[in-house]
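We're numbering straight along the sequence, starting at 1. Hydrogens, waters and symmetry mates play no part in the numbers below; they use all other heavy atoms, side chains included. Values in this document were obtained by computation on a predicted structure and should not be read as measured data. Order of listing sets the numbers, starting from 1, for every ligand and every atom in it.
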Amino acid sequence: MDYRAVLEEVAAYARPYVGQGQVADYIPALERVSPDRFGIAVADIHGAVYGVGDWEVPFSVQSISKAFSLALVMAQSHGSQGGNGTYGANGVQGGPGGDDIWQRVGREPSGTPFNSLVQLEAENGIPRNPFINAGALVVTDRLQTLTGDASTSMLHFLREESGNPDLAFDQAVADSEAEHGDRNAALAHFMASFGNLENPVPSVIQHYFWQCSIEMSCRDLAVAGGFLARHGLRADGSRLLEAREAKRINAVMLTCGTYDAAGEFAYRVGLPAKSGVGGGIIAVIPGRCTLCVWSPALDARGNSVAGAAALDHFTTLTGWSVF
Ligand code: GLN
């Protein structure tokens, strides 16, 4: 496969879509990003990386972090961190076996916007899935208990997996999220009232905002998400997740990773994917490669318009969807 040629063709196809839709404007720090950006990268399972356009420009990962926090909780919960485990903020390892995040969060598509409150009351404070905000707050809460510092654990993990030691939080984005964080605070308080948080609400939402604020490029994200294509193996060959756990994360990405557009996304692209309101989308082709595409203008559901078009064309050209 000539990845570079395929990516060039995908970028040309996506070009007319770039700038269609709207850049996230709920916080000023995101609103300032130019809608004209477009980049795409592919990291194959053997470590080769290819990219075109703005594929090395860092952007705000936002909800893409939800896939990584779930992976870390699953990895920590069975005590098999793989590698040298240096990403654990205080060296705390999850206990063997017993810990089960799925008691506290479901794995069904929500059919509602990513920040919706409506299902939580009827469903007793158990969010539908880990990739809407409510579910991600529960996962972050669990990661906080397991590591003592959820956001730093994730940052260290992403630095290791991407091979980019310069990854950092964007403090301005994190502060701005906190300043405009009433909705996320409401979700967290509501779940706390049902006994579904282990840590104080202010700490959980702060770590959640920091995780969302991490800046990464398409290159960094495609490489860091490699373990999802390698059935749980990290870049250095050590095991982060059992193969069946990587399968489950990919399955939940397929059914829930693009919020209330997951059905449409599966129809068009046919890959496990996780999007964020920074305009990034990672997508996994198990056994082959991990992709990341970025273009900041979003559709009404919060997914990158040009990013979805690019992934659609990628799977059409290559025939590499999971279907
Ligand atoms: N930080 C954003 C929020 O919590 C993330 C949402 C997203 O990327 N969909 O609202």
Side-chain angles (χ1 to χ4, degrees), residues 21-33 58-70 105 109-118 120 127-141 143 150-151 154-155 158 169-191 197 201-216 218 221 225 252-253 256-262 264-265 273-283 292-305 307-308:
Q22 221 169 345
V23 176
D25 59 1
Y26 71 102
I27 55 172
L30 288 181
E31 200 179 12
R32 283 194 286 273
V33 181
F59 60 89
S60 194
V61 302
Q62 293 297 321
S63 284
I64 297 175
S65 62
K66 294 173 166 80
F68 292 102
S69 51
L70 177 62
V105 61
S110 70
T112 58
F114 61 79
N115 56 4
S116 173
L117 273 152
V118 294
L120 270 183
R128 274 288 173 95
N129 68 67
F131 295 151
I132 50 174
N133 288 13
L137 286 161
V138 168
V139 173
T140 295
D141 176 56
L143 190 59
S151 50
M154 186 189 293
L155 182 64
L158 291 171
F169 303 117
D170 183 330
Q171 194 65 48
V173 169
D175 290 348
S176 196
E177 296 270 10
E179 215 173 299
H180 298 83
D182 292 330
R183 177 66 69 108
N184 285 311
L187 290 166
H189 280 292
F190 204 56
M191 291 189 292
L197 287 186
V201 167
S203 142
V204 173
I205 58 177
Q206 194 55 65
H207 282 281
Y208 169 82
F209 293 145
W210 276 324
Q211 288 169 351
C212 288
S213 83
I214 295 172
E215 294 254 293
M216 295 173 75
C218 291
L221 279 162
V252 181
M253 286 170 67
C256 311
T258 45
Y259 323 115
D260 45 338
E264 173 70 11
F265 206 87
K274 184 73 208 82
S275 58
V277 293
I281 308 174
I282 62 166
C292 181
V293 62
W294 172 54
S295 196
L298 310 175
D299 63 23
R301 275 115 156 221
N303 298 309
S304 167
V305 174

S.K.: Considering residues at least two apart in sequence or located in another chain, which fulfil the ring-ring contact (aromatic ring centres under 6.0 Å, His included) criterion with Phe68?
M.R.: none
S.K.: Does Leu30 reach the side chain of Ser60, with side-chain heavy atoms less than 4.5 Å apart?
M.R.: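 Sidechains of Ser60 and Leu30: in contact.
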S.K.: Can you name the side-chain contact (heavy atoms from CB on, under 4.5 Å) partners of Ala29, sequence neighbours left out?
M.R.: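 side-chain contact (heavy atoms from CB on, under 4.5 Å) check on Ala29 returns Arg32, Val173.
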S.K.: Going by side-chain contact (heavy atoms from CB on, under 4.5 Å), name the residues that satisfy it together with Asp175, two or more places apart in sequence or in a different chain.
M.R.: Gln171
S.K.: Is it the case that the side chains of Thr140 and Gln211 hold a donor-acceptor pair, with the cut-off being a distance below 3.5 Å and no angle test?
M.R.: yes
S.K.: Might you list the protein residues in contact with ligand 1, defined as having a heavy atom under 4.0 Å from one of its atoms, sorted by chain and number?
M.R.: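 Protein residues near ligand 1 are Tyr26, Gln62, Ser63, Phe114, Asn133, Glu177, Asn184, Tyr208, Cys212, Tyr259, Gly276, Val277.
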S.K.: Check the angle between the aromatic planes of Trp294 and Phe59 and answer parallel, tilted or perpendicular using the 30° and 60° thresholds.
M.R.: parallel
